[in-house]
Amino acid sequence: MEVLSKMLESTYDLKEGKTSWRSPSNIALIKYWGKYADQIPANPSLSFSLKNSFSETSIAYRLKKKADEISLDFLFEGKENPAFKARLEKFINGIHPYFSFLSNFHLTIDSKNSFPHSSGIASSASAMSALVLNLMDMYNELTGSAMDKETFFRASSYFSRLASGSAARSVYGGYTVWGESEHFTGSSDLYAVRIDESIDPIFQSLHDDVLIIEKGAKKVSSSAGHALMNNHPFGQARFELARKRMGEIKSILTSGDLNAFGELIESEALILHAMMMASRPYFILFRPNTLAVMEKIWEIRGSTGLQIYFTLDAGANIHLIYPEEIKTVVSTTIKDHFLAYCENATYLRDGIGSGPVNLRI
């Protein structure tokens with residue numbers, strides 16, 4: 001990417017400034033599980049960005065008297081977070097060859113989420129993509145760059161991938177593909193692309209209500225889970241199936257077949273967790289109420305025809321997916337049938353969003 005070399009060559013004029021971005025989380029429908037060095041996915045994935053679940057991050061920067069090592073302060077929701085600060089420092093040092101000006105500035109990074117921590121929403125996707133969008137904005141401001149929109153977001157996706165794989169998909173709204181796929185022109189392992197192909201209207205306003213089965217951090221991190229796909233007995237078969245399913249979901253999104261869509265995303269969620277249960281060492285992130293809710297969804301769908309479906313990330317919480325036209329019925333269904341399985345009767349209402357927002361404009 002030409003923009004990467006340009007970052008190395010540029011100079012800056014401003015001595016201080018501030019950037020601020022809101023970036024959404026996303027939910028994968030075709031799952032990515034397993035990766036190679038430099039955050040290269042073992043298989044392509046497809047997701048949609050969320051509307052109400054996002055991170056808001058700002059960076060205030062000021063010129064230091066002497067350029068030396070990266071220096072930053074980090075606040076999460078108004079409080080210091082040493083563990084995440086260390087993660088940010090590691091990431092920023094890693095991309096420093098492309099953002100060499102960062103060593104000349106002290107950064108004050110302030111971030112907050114619109115959703116509770118450990119709620120089944122991918123916070124690293126929203127947080128890291130918001131951070132990178134700010135760094136890209138900072139680059140533009142310091143260099144006076146006239147970078148076009150497509151280049152800006154493609155480079156943002158590239159660097160977001162290095163921070164958190166799923167973050168590559170959060171720099172766009174709507175449906176996004178990350179990972180090279182023969183079914184999507186321009187797709188790449190290095191960055192995500194927004195799907196430009198025709199998508200049936202029924203899929204353009206889907207709801208995603210997250211049923212909080214269990215709060216708290218996962219017992220096995222996603223990074224550890226990805227690593228267990230190396231030499232997994234079913235790994236290669238899984239990767240090949242995911243590549244095939246990219247073609248299937250492309251056809252479904254165009255045709256508007258909601259039943260086929262629901263069956264596919266549920267199968268993908270179950271396969272994701274099957275990979276965890278078949279790894280060595282094996283582990284289970286489902287909780288008893290996770291299984292109870294899935295069975296209740298099947299029961300209600302079978303007896304009433306209500307088109308509600310589920311997917312899951314690498315955790316216990318259920319993402320309830322359904323079309324706009326039945327939102328009132330589903331709201332009642334959640335209260336009557338699902339809240340009893342949720343911790344403290346908690347769930348989050350969400351749906352497809354339009355992507356990041358520059359809060360300084």
Side-chain angles (χ1 to χ4, degrees), residues 20-29 46-58 76-78 110-134 153 156 160 164 166-176 192 194-195 199 201-216 265 269 293 307-335 338-339 342-361:
S20 186
W21 278 83
R22 172 187 297 165
S23 190
S25 185
N26 66 80
I27 179 66
L29 305 174
L46 182 144
S47 67
F48 64 72
S49 291
L50 298 175
K51 176 171 57 178
N52 300 326
S53 301
F54 53 80
S55 296
E56 288 186 353
T57 301
S58 65
F76 177 67
E77 298 184 345
D110 198 332
S111 187
K112 62 183 179 181
N113 291 341
S114 67
F115 53 93
H117 184 64
S118 300
S119 59
I121 304 291
S123 58
S124 62
S126 57
M128 289 306 195
S129 57
L131 172 71
V132 169
L133 288 162
N134 276 284
F153 285 106
S156 296
S160 294
S164 170
S166 60
R169 300 188 305 248
S170 278
V171 303
Y172 300 104
Y175 290 88
T176 301
R194 184 168 181 174
I195 299 174
I199 295 178
I202 198 167
F203 297 123
Q204 295 178 8
S205 57
L206 287 181
H207 287 249
D208 176 3
D209 293 349
V210 186
L211 307 177
I212 308 300
I213 306 300
E214 181 180 78
K215 297 179 181 179
I265 67 170
V293 168
Q307 290 180 297
I308 53 175
Y309 304 93
F310 69 81
T311 187
L312 299 93
D313 270 336
N317 300 322
I318 298 278
H319 289 248
L320 193 64
I321 310 295
Y322 58 92
E324 166 73 16
E325 63 191 33
I326 62 171
K327 65 179 181 180
T328 301
V329 175
V330 174
S331 179
T332 300
T333 301
I334 289 173
K335 293 172 184 176
F338 297 131
L339 286 191
C342 298
E343 185 170 337
N344 298 325
T346 302
Y347 80 105
L348 308 176
R349 305 188 70 174
D350 215 326
I352 291 182
S354 56
V357 177
N358 187 337
L359 299 176
R360 300 288 291 176
I361 293 178

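The first residue of the sequence shown is numbered 1, and numbering continues consecutively from there.
A distance-only check finds no donor-acceptor pair linking the side chain of N358 to the backbone of W21 [under 3.5 Å]. Side chain of S331 to backbone of K327: no donor-acceptor contact under 3.5 angstrom is found. Within the 3.5 Å criterion, the main-chain N or O of G173 finds a donor-acceptor partner in the side chain of R194. A distance-only check finds no donor-acceptor pair linking the side chain of S23 to the backbone of P356 [under 3.5 Å]. A donor-acceptor pair is defined here as one N or O able to donate and one able to accept, closer than 3.5 Å; such a pair exists between the side chain of E343 and the backbone of K215. A donor-acceptor pair under 3.5 Å is absent between the side-chain atoms of Q307 and the main chain of P323, judged by distance alone. Side-chain atoms of N52 come within 3.5 Å of backbone N or O of R349 as a donor-acceptor pair.
Shortest non-hydrogen contact noted between D208 and H319 is OD2-ND1, 2.9 Å. Of all non-hydrogen atoms in P24 and L50, the two that sit nearest each other are CB-O, 3.3 Å. When all heavy atoms of L312 and A316 are compared, the closest pair comes out as CD2-O, 4.2 Å. Listed here is the closest heavy atom pair of I212 and Y347: CG1-CA, 4.2 Å. For the pair A28 and D313, the tightest heavy-atom approach, listed with the atom from each and the gap, is N-OD1, 4.5 Å. Among all heavy-atom pairs drawn from N317 and V210, the shortest one is CB-CG1, 4.3 Å.
With no hydrogens or angles considered, a side-chain donor-acceptor pair links N26 and S170 at under 3.5 Å. Between the side chains of T57 and S111, at least one donor N or O lies within less than 3.5 Å of an accepting N or O. Checked by atom type, the side-chain pair S126/S55 shows a donor-acceptor distance below 3.5 Å.
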**Item:** Pair I326-T333, side-chain contact (heavy atoms from CB on, under 4.5 Å): steps then yes or no
**Value:** CA-CA 10 Å; I326 62 171; T333 301; over 6 Å; no

**Request:** Before giving the answer on side-chain contact (heavy atoms from CB on, under 4.5 Å), spell out for F115 and S123 the whole-Å C-alpha distance, their side-chain angles and the decisive distance to 0.1 Å.
**Result:** CA-CA 9 Å; F115 53 93; S123 58; 3.8 Å; yes

**Request:** Could you check Y175 against L206 for side-chain contact (heavy atoms from CB on, under 4.5 Å), going step by step and ending with a plain yes or no?
**Result:** CA-CA 11 Å; Y175 290 88; L206 287 181; 3.5 Å; yes

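In this structure the side chain of F338 reaches within 4.5 angstrom of the side chain of I308, judged on heavy atoms. Within the 4.5 Å cutoff, the side chain of C342 has no heavy atoms near those of the I334 side chain. Side-chain atoms of F310 and L211, non-hydrogen and from C-beta on, never get closer than 4.5 Å to each other. At least one side-chain heavy atom of F48 sits under 4.5 Å from a side-chain heavy atom of I321. Counting heavy atoms from C-beta on, the side chains of N113 and F76 come closer than 4.5 Å. I27 places none of its side-chain heavy atoms less than 4.5 Å from the side chain of D350.
The OG atom of S49 sits 9.0 Å away from the CD1 atom of I352 when rounded to the nearest 0.5 Å. Here NZ of K51 is found 9.0 Å from OG of S205. Values are rounded to the nearest 0.5 Å. L29 CG to T176 OG1: the interatomic distance, rounded to the nearest 0.5 Å, is 10.5 Å.
The pair E56-R22 meets the salt-bridge criterion, with a side-chain N (NZ, NE, NH1 or NH2) lying under 4.0 Å from an Asp/Glu carboxylate O.
Relative ring orientation between Y172 and F153 is described as tilted, the plane-to-plane angle lying within the 30° to 60° band.
Exactly one of S160, S25, S47 qualifies for a side chain to side chain donor-acceptor pair (under 3.5 Å) with R169. That residue is S47.
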